[in-house]
2 protein chains.
Amino acid sequence: MAGGAALPPKENHAETFARLRDAHAREVTEDYVEMIADLIVEEGEARAVSLAERFGVTPATVNNTIKRLERDGFVSSRPYRSIFLTDAGQTLADKCRDRHKIVYDFLIALGLDAQIAEFDAEGIEHHVSAETLDVFRAFTKSSKGEI
Amino acid sequence: MAGGAALPPKENHAETFARLRDAHAREVTEDYVEMIADLIVEEGEARAVSLAERFGVTPATVNNTIKRLERDGFVSSRPYRSIFLTDAGQTLADKCRDRHKIVYDFLIALGLDAQIAEFDAEGIEHHVSAETLDVFRAFTKSSKGEI
DNA sequence: ATTAAAAGTTAGCCGATGCTAAATTGATTT
DNA sequence: AAATCAATTTAGCATCGGCTAACTTTTAAT
């Protein structure tokens, strides 16, 4: 009963990597809307200069990226003004914030320190399926109850 | 004594994202050397056509990527021949295989099914710190002992 | 009100990673 | 041996996400 199990282990390589590439394509967008939402909460508005500083990129790069996000309907902006999330952008930001927190809390529940949990969560959050997120959440919850 | 804790929670955004971008830059390289090593084990050699099929990209893309890997010292190849790992490539492949297995086993230990564990591991493996890997490994081990 | 500083924008560049289409080489079949 | 078929390579293109340098606009100070 061990041999082939439920799922053929070979076949689906290509699909795995296709989904991986899709995830990558969304990462910058997700990081930006998440950060813009944070900045609006923390500083009252999202300025390009703050995004540049937080991401560690140049203002020109931020400008570039914001244009893509605008094209894709996640943010709105007017020249020399601060940046706003559209409804779609806000929805995405909310989803990302939740997901980020689930991953972060899970890593903390595993015993990792805040610095490492924060850094790893930033990388991991874009690559967890809904199923894995559920398991993470349940684990964190149960580990809290078990004290 | 609680306020600032050991690590200021704000400041280091930029460094986090810089490290994230570094990790991204390594992902394709790591996936390729890992896959080349797998192919050599499974099929006796690594052909471009197999890489193309497994990654779900065109042969032209594989060719491109192999040239970069060659430039960076991870593989060697001669025209119309199969692809070999250099020592550096083999070392990296071994490291990646270990890491991949740790992440995969951890997800399985958490109760996820093989298909999802495999897919998520592929995304997560490039973004786990050494500390997190240690915790994953310890968790998997202890969960095996606890049956 | 002018000037200086800060913020934002534009133009032009580069590398990574993908593609298609066409040419080439290698392997197989007849 | 020739012809075919599969694999590989080349050329040319696109997008993303970075950069620098130069310029413009806005904001703040004097």
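Chain letters run A, B, ... following the sequence lines, proteins first, then strands; residues in each count from 1. Quick caveat, the model's predicted, so the values are computed rather than measured.
Counting to the nearest Å, the P atom of C:dT9 and the CG atom of A:N63 are 4 Å from each other. One interatomic measurement links the two molecules: CG of A:L51 to P of C:dT9, which rounds to 11 Å at whole-angstrom precision. Note: CZ (B:R47) to P (C:dG26) measures 11 Å, nearest angstrom.
Counted by atom type alone, A:S129 and B:D120 present one or more donor-acceptor pairs between their side chains at under 3.5 Å.
Axis angle, first five pairs versus last five pairs of the helix from C:dA1-D:dT30 to C:dT30-D:dA1: 0°, rounded to 10°.
A ring-ring contact (aromatic ring centres under 6.0 Å, His included) check over residues 89-114 of chain A, counting only residues at least two apart or in different chains, returns the pairs A:F106-A:F136, A:F106-A:F139. For residues 126-138 of chain A, every residue pair satisfying the salt bridge (Lys or Arg N to Asp or Glu O under 4.0 Å) rule, not counting sequence neighbours, is listed here: A:D134-A:R137.
If you chain together ILVMFWY residues whose side-chain heavy atoms come under 4.5 Å of each other, A:V41 ends up in a group of its own.
For A:S50, the side chain to side chain donor-acceptor pair (under 3.5 Å) partners two or more places apart in sequence, or in a different chain, are A:E43. Partners of B:T16 under the side chain to side chain donor-acceptor pair (under 3.5 Å) rule, at least two apart in sequence or in another chain, do not exist in this structure. Not a single salt bridge (Lys or Arg N to Asp or Glu O under 4.0 Å) links A:R21 to another residue, sequence neighbours left out. Checked against side chain to side chain donor-acceptor pair (under 3.5 Å), B:D72 has no partners two or more places apart in sequence or in another chain. Remark: B:D31 pairs with A:F17, A:L20, B:E34, B:F55, B:E122, B:E125, B:H126 by the side-chain contact (heavy atoms from CB on, under 4.5 Å) rule, at least two apart or across chains.
Bracketed by its first and final contacts, the part of DNA chain D lying under 4.0 Å from non-hydrogen atoms of chain B reaches from D:dA7 to D:dG18 in 5' to 3' order.
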(message) Across nucleotides 15-25 of chain C, 5' to 3', mark each nucleotide with B, S or - according to how protein heavy atoms within less than 4.0 Å reach it.
(response) -SBBBB---BS
Would you be so kind as to tabulate the donor-acceptor pairs closer than 3.5 Å made by side chains of residues 73-82 of chain B, with sequence neighbours excluded?
{"residue": "B:S77", "atom": "OG", "partner": "B:E70", "partner atom": "OE1", "Å": "3.2"}
{"residue": "B:S82", "atom": "OG", "partner": "B:E45", "partner atom": "OE1", "Å": "3.2"}

